Enquirer: 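Below are the structure tokens for one structure; questions will follow.
Below, chain A is the first sequence line, B the second, and so on; all start at residue 1. This one's a predicted model, so the numbers in the text were calculated from it and none came from an experiment.
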Amino acid sequence: MRIATWNVNSIRSRIDRVTAFLERHDIDVLAIQETKCREDQFPGLELSAMGYEFAHQGLSQWNGVALISRVGLEDVATQFADDQPMFGEPEIVEARSIGATCGGVRVWSFYVPNGREIGHPHYDYKLLWLERLRQASAEWLAENPDAQIALTGDWNVAPQDDDVWDMSVFEGHTHVSKPERDAFHAIVDTGYADVVRPFTPGPGVYTYWDYQQLAFPKKRGLRIDFILASPALSTRVETAWIDREERKGKGASDHAPVIIEIA
DNA sequence: ATGGTGGTCCTACCA
């Protein structure tokens, strides 16, 4: 079974690339982020025609997450916890998480808040969001240590210096600060392993390249998209890769898909 | 190649 995660940066402008990606890599479950549309705008017909079910959480033109599966899609949840942090005016639980059981694996699609600037309210929101996610994901494992769980998505954190094209450029910026990295590693320490990194060692291996300043051809990227797997799921991972080709050409998302193959 | 972002919606905001 193949599970992938991809920040598509608008599903409506990228639906043809999404369907081509599903075919090209023979994907069973795809978690997407930044759909940037409401429920009624989601282009589901193309997916249904290919034999995929989908569940989408989209409240406005911002954020938005979805799961696309051809191996079942059960027990859909649009929050990882009852006390999921809120943001905005008025405050709402934004469309940043959706989970479902697909082919026996509990798959989550997360779009972690960006943080904007260190000290910005959005930065505090980001840290709180990751801490709540750590609590929730720890509880899932406490309930069932053998649970098959995949925490996937755009984490908006580059956990290691190797995950950044030039650390000096990111001094004092979000994505690399110690509190953000600590929050990410706290989830790993709970028992969820980065199952992609062993198959895609750095340095110079990224999942995101800014649209500006020719970042992609200049190899100026970040590794911020991850698949974290529970212990029982980790042992099933046979290989993993980043589809860097998907970042090429006209009409690409600024993120590349990340894929795992499990036994 | 001597340039230089792209998505939302239409005016800034977000990344």
Enquirer: Is the ring pair His25(A)/Trp241(A) parallel, tilted or perpendicular, if the boundaries are 30 and 60 degrees?
Expert: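 Ring orientation, 0 to 90° scale: tilted.
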Enquirer: If each of Asp254(A) and Arg14(A) is mapped to the nucleotide of DNA chain B with the nearest heavy atom, which maps nearer the 5' terminus, i.e. the 5' end?
Expert: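 The 5'-side residue here is Arg14(A).
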Enquirer: With a 4.0 Å cut-off on N to O distance, would you call Arg24(A) and Glu245(A) a salt bridge?
Expert: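 No salt bridge links Arg24(A) with Glu245(A).
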Enquirer: What integer number of Å spans the P atoms of dG3(B) and dT8(B)?
Expert: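 Rounded to whole Å, the distance is 29 Å.
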Enquirer: Output one line per pair: protein atom, nucleotide atom from nucleotides 8-11 of chain B, and distance, for all N/O pairs under 3.5 Å.
Expert:
residue : atom : partner  : partner atom : Å
dT8(B)  : OP1  : Ser10(A) : OG           : 3.0

Enquirer: What is the separation between atom CG on Asn156(A) and atom P on dC14(B), rounded to the nearest whole Å?
Expert: 14 Å
Enquirer: So, taking the atom named CD1 in Ile27(A) and the one named CZ in Phe21(A), what distance separates them when rounded to the nearest 0.5 Å?
Expert: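 Between atom CD1 of Ile27(A) and atom CZ of Phe21(A) there are 4.0 Å.
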Enquirer: Quick one: Glu117(A) CD to dA15(B) C1', roughly how many Å, whole number?
Expert: 13 Å
Enquirer: Would you please name every residue forming a side-chain hydrogen bond (donor to acceptor under 3.5 Å, both in side chains) with Ser137(A), sequence neighbours left out?
Expert: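 side-chain hydrogen bond (donor to acceptor under 3.5 Å, both in side chains) check on Ser137(A) returns nothing, list empty.
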Enquirer: Specify the residue among Glu34(A) and Gln213(A) whose closest nucleotide of DNA chain B lies further upstream toward the 5′ end.
Expert: Gln213(A)
Enquirer: Roughly how many Å is it from OH in Tyr208(A) to C1' in dG7(B), rounded to a whole number?
Expert: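 About 12 Å, once rounded to whole Å.
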Enquirer: Sequence neighbours excluded, which residues qualify as side-chain hydrogen bond (donor to acceptor under 3.5 Å, both in side chains) partners of Arg132(A)?
Expert: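 Counting only residues at least two positions away or on another chain, Arg132(A) forms a side-chain hydrogen bond (donor to acceptor under 3.5 Å, both in side chains) with Asp83(A).
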Enquirer: Starting at CD of Gln212(A) and ending at C1' of dC14(B), how long is that distance when rounded to a whole Å?
Expert: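 It works out to 12 Å between those atoms.
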Enquirer: From CZ of Phe87(A) over to C1' of dC13(B), roughly how many Å is that when rounded to an integer?
Expert: 13 Å
Enquirer: Does the distance from a Lys or Arg side-chain N to an Asp or Glu carboxylate O, for Asp163(A) and Arg197(A), drop under 4.0 Å?
Expert: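 Judged by the 4.0 Å cut-off on N to carboxylate O distance, Asp163(A) and Arg197(A) do form a salt bridge.
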Enquirer: Only one of Glu180(A), His175(A), His173(A) clears side-chain hydrogen bond (donor to acceptor under 3.5 Å, both in side chains) with Ser177(A); which?
Expert: Glu180(A)
Enquirer: Requiring both pairing distances under 3.5 angstrom, list the stems that contain DNA chain B and are made of three or more consecutive Watson-Crick or G-U pairs.
Expert: B:5-8 with B:12-15
Enquirer: Starting from C1' on dA15(B), measure out to NE2 on His120(A) and report it in whole angstrom.
Expert: 13 Å
Enquirer: Just the rounded figure in Å: distance from P of dA15(B) to CD of Glu94(A).
Expert: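 The answer, rounded to whole Å, is 8 Å.
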Enquirer: Going by the ring-ring contact (aromatic ring centres under 6.0 Å, His included) test, which pairs reach into residues 132-151 of chain A, not counting sequence neighbours?
Expert: Trp108(A)-Trp140(A)
Enquirer: Can you tell me, in whole Å, how much space there is between the C1' of dC14(B) and that of dC10(B)?
Expert: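 My reading of the C1' atoms in dC14(B) and dC10(B) gives 16 Å.
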Enquirer: Identify, with sequence neighbours excluded, every residue that meets side-chain hydrogen bond (donor to acceptor under 3.5 Å, both in side chains) alongside Asn114(A).
Expert: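 Counting only residues at least two positions away or on another chain, Asn114(A) forms no side-chain hydrogen bond (donor to acceptor under 3.5 Å, both in side chains).
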Enquirer: Could you give the OH-to-C1' distance, from Tyr111(A) to dG7(B), as a whole number of Å?
Expert: 11 Å
Enquirer: Please report the distance separating the P of dC9(B) from the corresponding atom of dA15(B), rounded so that it comes out in whole Å.
Expert: 16 Å
Enquirer: For dG6(B) versus dT11(B), give the span between their C1' atoms, rounded off to a whole number of Å.
Expert: 16 Å
